[in-house]
Amino acid sequence: MNTNESNHNPTSDFIRDIVADDVQSGKHTRIITRFPPEPNGYLHIGHAKAICIDFGVAAEFNGECHLRMDDTNPAKENMEYVESIRNDVRWLGFDWGPHFYFSADYFERMYEAAATLIRKEKAYVCELTMDEWKDYRGIPTQPGKPSPFRNRPIGESLDLFARMRAGQFPDGTLCVRAKIDMSSPNLHLRDPVMYRIMRAHHYRTGDKWCIYPTYDFAHPLEDAFENITHSLCTLEFEVHRPLYDWFLRELEFPQPPRQIEFARLNLTYTVLSKRRLLELVRDGLVNGWDDPRMPTIAGLRRRGFTPASIRTFCKRIGVTKFDGYTDIALLEFCLREELNRTAPRAMAVLNPVKVVIENYPAGQEEWLEAVNNPEDSSAGTRQVPFSRELYIEADDFMEDAPRKFFRLAPGREVRLRYGYLVTCTGFDKDPVTGRITQVRCNYDPATRGGNAPDGRKVKGTIHWVSAPHAVRAEVRLYDRLFKAEHPEEVSAGQDYKMNLNTESLKVIHALVEPGLANPAPDIRFQFERKGYFIQDRVDFRQDSPVYNQIVPLKDSWTKTAATE
RNA sequence: UGCCCGAUGGUGUAAUGGUAGCACAACAGACUCUGGAUCUGUUUGUUCUGGUUCAAGUCCAGAUCGGGCAACCA
């Protein structure tokens with residue numbers, strides 16, 4: 001995208017306005033942003049919003065966006081997460097080019113920067129224990145008091161800092177603090193920790209370091225090292241901004257990056273925090289990070305969401321500083337909108353009941369032409385087999401049907417999609433369970449393809465599969481992970497997990513048209529009148545097909561039926 | 001009771017001192033070989049109180065409500 005196009009970009013927001021101003025004023029000639037996840041979990045749809053903003057802004061201004069692993073806490077981070085993050089960002093459709101970085105690669109420069117601050121008397125080595133520090137720090141309504149080590153000689157701090165690095169002190173005993181303002185109303189400015197001693201194996205630097213920089217110290221440096229112009233992050237870092245600016249000022253970076261905060265995404269009927277998601281995975285409440293019910297990118301991918309629909313969603317929710325809840329229905333809308341346009345249709349009977357066409361010759365079969373996608377004529381047609389015995393949805397037959405039921409019932413005529421008009425002549429019922437075991441029909445041979453030569457109309461069209469040709473498939477029906485709109489809003493003493501939807505996964509066995517046994521990989525189908533489905537990327541096999549429901553079709557009938 | 005940030009229909013978002021608009025959702029109707037899609041229509045909004053101004057959602061003051069901040073997490 002060139003800058004000319006960006007001038008015509010109809011969707012702007014307060015961040016893009018700032019960036020545009022900075023370009024216009026000549027403050028920056030090249031825009032550089034970054035997406036800096038910590039590799040301590042899988043990315044979720046909330047990160048997708050941030051990714052779309054970070055990469056999107058850079059692209060619109062013809063700049064670049066760096067992907068950076070913010071790995072300053074080795075206790076929580078690992079390579080599996082690094083790889084998953086790279087995969088997910090790529091899958092979403094973004095390209096960081098050569099700009100893939102690790103914070104850990106800056107540790108030496110960060111160490112030097114900390115030493116510089118000590119030499120400037122802007123930092124010192126503190127020996128207070130964490131408990132002692134609590135007293136010194138004070139509380140929001142009361143100022144803190146200076147650490148007794150605050151004014152120790154520069155040389156002493158420098159020496160201690162070097163010995164911290166050399167491993168001469170136990171974990172947590174000493175730390176390096178920035179010397180700022182112990183009476184600041186902003187707690188983050190009350191001599192925050194820059195370096196702590198932590199003997200943990202780092203997935204990238206191994207055991208080279210036993211001291212690690214904190215986020216507050218590391219982040220502005222990483223941004224500055226990479227010449228980031230706009231450091232976009234979520235609202236909770238707003239109170240950290242004065243500290244971010246302080247480090248950059250004291251270290252005299254000539255072109256300091258500017259941090260701008262936006263509201264993180266909250267979605268109804270799910271949780272969106274790494275901690276919660278990790279808990280769901282670890283406690284086995286879902287089947288891993290890529291469980292199709294998870295709001296993780298990996299979960300959405302396996303569920304069958306498209307990258308484009310997620311990007312569209314992120315565009316539509318906008319960028320503001322208002323911390324609200326976005327209706328998950330909007331995400332589903334973006335998906336349906338795309339899939340309606342692109343998904344080939346197929347017929348699959350999820351809850352089968354047998355139909356016998358009594359006036360259709362036994363043993364006969366014929367192949368009927370079916371349209372692949374009525375929204376896209378270029379998708380062509382396919383042949384589907386038809387025979388005397390079929391399966392239809394149990395829901396599509398009613399023994400005693402109300403007027404507005406436009407499907408099969410004794411004496412009523414319906415269209416079999418792309419097949420024939422059939423009239424129900426009777427049915428069989430299990431005398432014990434009352435279950436319908438078989439529906440009997442007659443067909444009108446003159447209506448092949450679904451149209452009656454005499455012009456008579458039928459109100460209902462139902463889908464079907466030919467019994468001898470049908471393929472058995474496992475179908476996994478997914479519903480919202482939580483039954484509460486705001487799962488985290490529970491009364492004191494209660495846990496958000498009580499809001500888990502116990503019906504979020506239903507496994508059923510369906511009978512599907514033969515073409516669904518061996519589809520090209522990654523094809524999202526619309527099972528007509530039911531929903532969108534994709535083969536499960538893990539469990540699908542030709543001899544035992546497994547389909548995931550991505551999202552059901554909108555269904556106005558259940559509402560109508562409910563008001564009957 | 002400290003500091004920071006925010007507040008526009010049910011939800012999300014636009015209007016940058018000049019007609020409150022868009023999308024989702026909901027509802028109604030039309031159409032339909034998917035009770036899908038499509039089309040049409042309807043309902044619902046500037047938190048409050050003052051002030052500045054010819055004119056305020058927008059600027060100012062105060063209030064109310066909501067969110068964030070007291071890891072050697074990010």
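Just so we're on the same page: letters track the sequence lines, and every chain starts at 1. Scope of the values below: all heavy atoms of this structure, side chains included, with no hydrogens, waters or symmetry mates.
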*Integer angstrom distance from the C1' of B:G62 to that of B:A70*: 29 Å

*Centroid-centroid under 6.0 Å between A:His219 and A:Phe237 rings*: no

_Work out how far the P atom of B:G18 is from that of B:A55, and round it to whole angstrom._
14 Å

*Under 4.0 angstrom, heavy atoms only, what part of the nucleic acid is A:Phe405 near: base, sugar-phosphate, or nothing?*
base

*Determine yes or no for a side-chain-to-main-chain donor-acceptor pair under 3.5 angstrom, with A:Arg412 supplying the side chain and A:Ala401 the backbone.*
yes

*asked:* Would the distance check show the side chain of A:Arg336 and the main-chain N or O of A:Cys334 forming a donor-acceptor pair, the cut-off being under 3.5 Å?
replied: no

*Can you check the A:Glu485 CD to B:U11 P distance for me, whole Å?*
9 Å

*Output field: ring centroids A:Phe305/A:Phe313 closer than 6.0 Å*: no

*Mind checking whether A:Phe533 and A:Tyr547 have ring centres under 6.0 Å apart?*
no

*Distance between the P atoms of B:G57 and B:C4, in whole angstroms?*
27 Å

_Base, sugar-phosphate or nothing for A:Pro374? Non-hydrogen atoms, less than 4.0 Å._
base

_Does B:U13 have OP1 or OP2 under 4.0 Å away from a side-chain N or O of A:Thr320?_
yes

*If we take the P atom in both B:C48 and B:U8, what is their distance in whole Å?*
11 Å

_Any salt bridge linking A:Asp444 with A:Arg456? Criterion: basic side-chain nitrogen under 4.0 Å from a carboxylate oxygen._
yes

_Interatomic distance, A:Gln526 CD vs B:G36 C1' [rounded to whole Å]_ = 6 Å

*Does A:Arg316 make a side-chain donor-acceptor contact with the base of B:U13, cut-off 3.5 Å?*
no

*Between B:A20 and B:G2, how far is it from one P atom to the other, in whole Å?*
39 Å

*Where the side chain of A:Lys321 is concerned, which of B:G35, B:U11, B:G6 is the nearest nucleotide?*
B:G6

*Over how many whole Å does the gap from A:Phe262 atom CZ to B:C5 atom P extend?*
18 Å

*Taking O4'-C1'-N9-C4 for purines and O4'-C1'-N1-C2 for pyrimidines, is B:A30 syn (within 90° of 0) or anti?*
anti

_Where A:Ile18 and A:Arg258 come nearest, the two heavy atoms and their spacing_ = CG2-NH1, 3.3 Å

*nucleotides 67-74 of chain B: protein proximity per nucleotide (B base, S sugar-phosphate only, - neither; heavy atom, under 4.0 Å)*: SBSBSBBB

*Stems in RNA chain B: runs of 3 or more consecutive Watson-Crick or G-U pairs, distances under 3.5 Å?*
B:2-7 with B:64-69, B:10-13 with B:21-24, B:26-30 with B:38-42, B:47-51 with B:59-63

*asked:* Counting only side-chain heavy atoms from C-beta out, which of B:U16, B:G35, B:C24 sits nearest to A:Ser556?
replied: B:G35

*In whole angstrom, what separates A:Arg417's CZ from B:U34's P?*
5 Å

*Using the P atoms only, state how far B:G12 lies from B:U49, rounded to an integer number of Å.*
23 Å

*B:U32 phosphate, OP1 or OP2, under 4.0 Å from A:Lys459 side-chain N/O*: no

_Spacing of A:Tyr269 atom OH relative to B:U11 atom P, expressed in whole Å_ = 13 Å

*Choose from B:U34, B:G35, B:U13 the nucleotide whose nearest atom is closest to any side-chain atom of A:Thr560.*
B:G35

*When the distance from CG of A:Leu331 to C1' of B:U11 is rounded to whole Å, what number comes out?*
14 Å

*asked:* I need the CZ-C1' distance between A:Arg16 and B:U16, as an integer number of Å.
replied: 17 Å

*N/O (side chain, A:Lys554) to phosphate O (OP1/OP2, B:A25) under 4.0 Å*: yes

_Could you tell me how far B:U58 sits from B:G21 if I compare only their C1' atoms? Round to whole Å._
15 Å

*So which one's nearest nucleotide on RNA chain B is more toward 5', A:Thr326 or A:Gly460?*
A:Thr326

*Can you find an N or O donor on one side and an acceptor on the other, under 3.5 Å apart, linking the side chain of A:Arg407 with the base of B:G35?*
yes

*Indicate yes or no for a side-chain donor-acceptor contact from A:Thr33 to the backbone of A:Asp54 under 3.5 Å, with no hydrogens or angles considered.*
yes

*Please confirm whether the backbone N or O of A:Val193 pairs with a side-chain atom of A:Thr214, one donor and one acceptor, at under 3.5 Å?*
yes

*Counting any heavy atom closer than 4.0 Å, what does A:Gly324 reach on the DNA or RNA strands: base, sugar-phosphate only, or nothing?*
sugar-phosphate

_Can you check the distance between B:G6 and B:U13, where both ends of the measurement are the C1' atom (answer in whole Å)?_
15 Å

*Nearest-nucleotide 5' precedence on RNA chain B, A:Ala263 against A:Thr447*: A:Ala263

*Of the nucleotides B:G6, B:G35, B:A25, which has the atom closest to the A:Phe322 side chain?*
B:G6

*Tell me whether the centres of the aromatic rings in A:Phe386 and A:Trp464 are closer together than 6.0 Å.*
yes

*Determine if A:Phe406 stacks with B:G35; use a centre-to-centre distance below 5.5 Å and an interplanar angle below 30° as the criteria.*
yes

*Run the salt-bridge test on A:Arg524 and A:Glu338 with the 4.0 Å N-O cut-off and return the result as yes or no.*
no

*Polar contact flag, side-chain donor to acceptor under 3.5 angstrom, A:Tyr244-A:Asp223*: yes

_Using whole Å, what does the distance between atom P of nucleotide B:A37 and atom CZ of A:Arg345 come to?_
10 Å

